[in-house]
**Q** 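Quick one: structure below, then a few questions.
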Amino acid sequence: MSSYDSSKVGRYGNLAERWAAERYPVTLDYPVVDGLKFDATARDGSPFDIKASMTNGVRPTFKFWDDQHRTLAERDGGYIFVWYEARETEISVKDSRSLSASSISIDNWTYPGDSHYRSHAREAQIPADRLRK
């Protein structure tokens, strides 16, 4: 995929979420915790966010939001990371792993700008390979 197409990227993200929910002990139920929306709930009730990174993209990264990251850490939640290759309308998953939010140290927070719908929260991007096994 040479250019960014938000409809395709959204579809790929949805496919990655469904893939992860079939393979990890979480339910894809989009819970709201402390006013923030997450992707899934673990069997013990802790929230999880599923992050997907296209390995055949320009710059494979995972994006984080500080308010979500803080809430996940406080609630013993975590992330499921999915590395995939885009294949027109499908994805081919290359790797995945689950990590607790508290085990991920993020020190490159920035503000996305006033025009972003989440301008109230800081964001960070981490190169996808940094979180790989």
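Quick caveat, the model's predicted, so the values are computed rather than measured. Hydrogens, waters and symmetry mates are skipped; everything else that's a heavy atom, side chains included, is used.
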**Q** Looking only at heavy atoms, which two atoms of Asp66 and Trp109 are closest? And how far apart?
**A** N-CZ3, 3.2 Å

**Q** Ring centroid separation for Trp83 and Phe62, is it under 6.0 angstrom?
**A** yes

**Q** Could you pull out the closest heavy-atom pair between Pro47 and Leu72, with the gap in Å?
**A** O-CD2, 3.2 Å

**Q** Is Asp129 paired with Arg132 through a side-chain N to carboxylate O contact shorter than 4.0 Å?
**A** yes

**Q** Flag this pair as yes if the NZ/CZ of Lys51 is under 6.0 angstrom from the six-membered ring centre of Phe64 and inside a 45 degree cone about the axis; otherwise no.
**A** yes

**Q** Looking at every heavy atom in both Ile50 and Asp39, which two are closest together, and how far apart are they?
**A** N-OD2, 2.8 Å

**Q** In Å and rounded to the nearest 0.5 Å, what is the CH2 to CG distance from Trp19 to Leu28?
**A** 13.5 Å

**Q** Begin with the C-alpha distance, continue with both residues' side-chain angles, and end with the deciding distance and a verdict on side chain to side chain donor-acceptor pair (under 3.5 Å) for Thr61 and Lys63.
**A** CA-CA 7 Å; Thr61 61; Lys63 182 183 280 191; over 6 Å; no

**Q** Scan for side chain to side chain donor-acceptor pair (under 3.5 Å) pairs involving residues 23-32, sequence neighbours excluded, and state none if there are none.
**A** Glu17-Tyr30, Tyr24-Ser96, Asp29-Thr41

**Q** Tell me whether Tyr12 contacts the main-chain N or O of Tyr84 through its side chain, where contact means a donor paired with an acceptor under 3.5 Å.
**A** no

**Q** Closer than 4.0 angstrom, basic N to acidic O: yes or no for Arg97 and Asp95?
**A** no

**Q** Tell me, do Asp76 and Ser100 make a side-chain contact under 4.5 Å, heavy atoms counted?
**A** no

**Q** Would you find a donor on one side and an acceptor on the other, under 3.5 Å apart, between the side chain of His69 and the backbone of Ile104?
**A** yes

**Q** Treating Asp49 as the side-chain partner and Phe38 as the backbone partner, does any N or O pair qualify as donor plus acceptor under 3.5 Å?
**A** no

**Q** Taking all non-hydrogen atoms of both residues into account, name the closest pair between Ser53 and Ala128 and its distance.
**A** OG-CB, 3.4 Å

**Q** Tell me the closest heavy-atom pair linking Ala42 and Phe48, and the distance in Å.
**A** CB-CE1, 3.7 Å

**Q** Please report the shortest heavy-atom distance between Asn108 and Gln125, naming the atom on each side.
**A** ND2-O, 2.9 Å

**Q** Would a 4.5 Å heavy-atom cut-off, applied to side chains only, mark Asp67 and Leu36 as touching?
**A** yes

**Q** Using the side-chain contact (heavy atoms from CB on, under 4.5 Å) rule, take Glu85 and Ile91 through it: C-alpha gap first, then chi angles, then the decisive distance, then the call.
**A** CA-CA 6 Å; Glu85 284 185 5; Ile91 63 172; over 6 Å; no

**Q** Should we count NZ of Lys37 as having more than 12 external heavy atoms under 6.0 Å?
**A** no

**Q** Starting from the C-alpha separation in whole Å, work towards a yes-or-no answer on side-chain contact (heavy atoms from CB on, under 4.5 Å) for Glu123 and Thr110.
**A** CA-CA 5 Å; Glu123 68 177 356; Thr110 62; 3.8 Å; yes

**Q** Between Arg75 and Asp34, does any NZ, NE, NH1 or NH2 come within less than 4.0 Å of an OD or OE carboxylate oxygen?
**A** yes

**Q** Donor-acceptor check, side chain of Ser103 to backbone of Leu99, threshold 3.5 angstrom: yes or no?
**A** no

**Q** Can you check whether Thr89's main-chain N or O pairs, donor with acceptor, with Arg11's side chain at less than 3.5 Å?
**A** yes

**Q** Contact between Leu15 and Glu90 at the side-chain level, heavy atoms closer than 4.5 Å - yes or no?
**A** yes

